[in-house]
Amino acid sequence: MTNQNPSYIDSVVDVVRLIPAGRVTNYGAIADFLALGSARMIGWALNKSGINDPSIPAHRVLNRKGQLTGRLAFKDPDYMERTLTKEGIPIKDNQVQNFELYYWHPEELLDQ
DNA sequence: AATTTGACGCAGC
DNA sequence: AGCTGCGCCAAAT
């Protein structure tokens, strides 16, 4: 392999893969869980690795308001809304309705 | 090498 | 309760 991604990108991808279907989380939660110190790095890391890999459910990562801020980064701008809707999450005007109801935090893994 | 930008979040106003 | 500014860290120019 000519290029190797930094370890924190791999960590972000690993956490995103653990998001259950029908649930969503935000950048800050992952950044806090991984102690990256900056939520900006989450979206950046996913754009670097996630978009290129369809096996990563990057569509379940939103901003703190529950808005689909990353939809333009996808090949199809409607991919996030379409996929989340298919998973049973109501979206209106690029924003998840009842965001708190579907909100998922990585700490829930420790409670299992 | 310095500046700008980005799938963000929070405090202050 | 919404708008603005600042902090955050890495990459691109």
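Side chains included, hydrogens not; waters and symmetry mates left out as well; all remaining heavy atoms used. Convention: sequence-line order gives letters A, B, ...; per-chain numbering from 1.
A heavy-atom distance below 4.0 Å to DNA chain C is reached by these residues of residues 30-38 of chain A, ordered by number: Leu36(A), Gly37(A), Ser38(A). Within residues 64-74 of chain A, the residues approached by DNA chain B to less than 4.0 Å at the level of any non-hydrogen atom are Arg64(A), Thr69(A), Gly70(A), Ala73(A), Phe74(A), in residue-number order.
Distance CG (Asn63(A)) to C1' (dC10(B)): 13 Å, rounded to an integer number of Å. For Asn47(A) and dA7(B), the CG to C1' distance is 7 Å, given to the nearest whole Å. Asn26(A) has its CG atom 9 Å from the C1' atom of dG9(B), to the nearest Å.
The gap from the P atom of dA1(B) to that of dC8(C) amounts to 23 Å, rounded to the nearest Å. Comparing the P positions of dT4(B) and dG5(C) gives an interatomic distance of 16 Å, to the nearest angstrom.
For Thr85(A), the side-chain contact (heavy atoms from CB on, under 4.5 Å) partners are Glu81(A), Ile91(A), not counting sequence neighbours. Under the rule for a side-chain contact (heavy atoms from CB on, under 4.5 Å), the partners of Pro90(A) that lie at least two apart in sequence or sit in another chain are Gln97(A), Tyr102(A). Contacts of Asp76(A) classified as side-chain contact (heavy atoms from CB on, under 4.5 Å), with partners at least two apart in sequence or in another chain: Tyr79(A), Arg82(A).
Residue-to-nucleotide proximity on DNA chain C shows that, of Pro6(A) and Ala39(A), the 5′-proximal contact is made by Ala39(A).
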Discussion item. For Leu68(A) and Val96(A): C-alpha separation, side-chain torsions, deciding distance, then whether side-chain contact (heavy atoms from CB on, under 4.5 Å) applies.
Written reply: CA-CA 8 Å; Leu68(A) 282 57; Val96(A) 173; 4.0 Å; yes
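For residues 20-41 of chain A, no pair satisfies ring pair (Phe, Tyr, Trp, His ring centres under 6.0 Å), with sequence neighbours left out. Residue pairs meeting the salt bridge (charged side-chain N to carboxylate O under 4.0 Å, His left out) criterion with at least one member in residues 64-73 of chain A: none, sequence neighbours excluded. Sorted by first and then second residue, the salt bridge (charged side-chain N to carboxylate O under 4.0 Å, His left out) pairs involving residues 90-102 of chain A (not counting sequence neighbours) form an empty list.
Atom CG of residue Asn94(A) and atom CD of residue Gln67(A) lie 8.0 Å apart, to the nearest 0.5 angstrom. Separation of atoms NE2 (His105(A)) and CG (Asp32(A)) is listed at 5.5 Å; rounding is to 0.5 Å. One distance of note links CG of Leu36(A) with OG of Ser11(A); it measures 7.5 Å at 0.5 Å rounding. Here the OG1-CG distance, from Thr69(A) to Asn63(A), works out to 4.5 Å after rounding to the nearest 0.5 Å.
The shortest side-chain heavy-atom distance between Met80(A) and Leu62(A) falls under the 4.5 Å cut-off.
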Enumerate, atom names and distances included, each donor-acceptor pair closer than 3.5 Å involving a side-chain atom of residues 14-26 of chain A, sequence neighbours excluded.
from, atom 1, to, atom 2, distance (Å)
Arg17(A), NH1, Ser55(A), OG, 2.9
Thr25(A), OG1, Trp104(A), O, 2.7
Asn26(A), OD1, Ala29(A), N, 2.9
Asn26(A), OD1, Tyr103(A), OH, 3.4

Listed pairs, N/O of protein and of nucleotides 2-5 of chain B, under 3.5 Å:
none

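Nucleotides of DNA chain C lying under 4.0 Å from heavy atoms of chain A occupy a range whose first and last members, 5' to 3', are dG7(C) to dA12(C).
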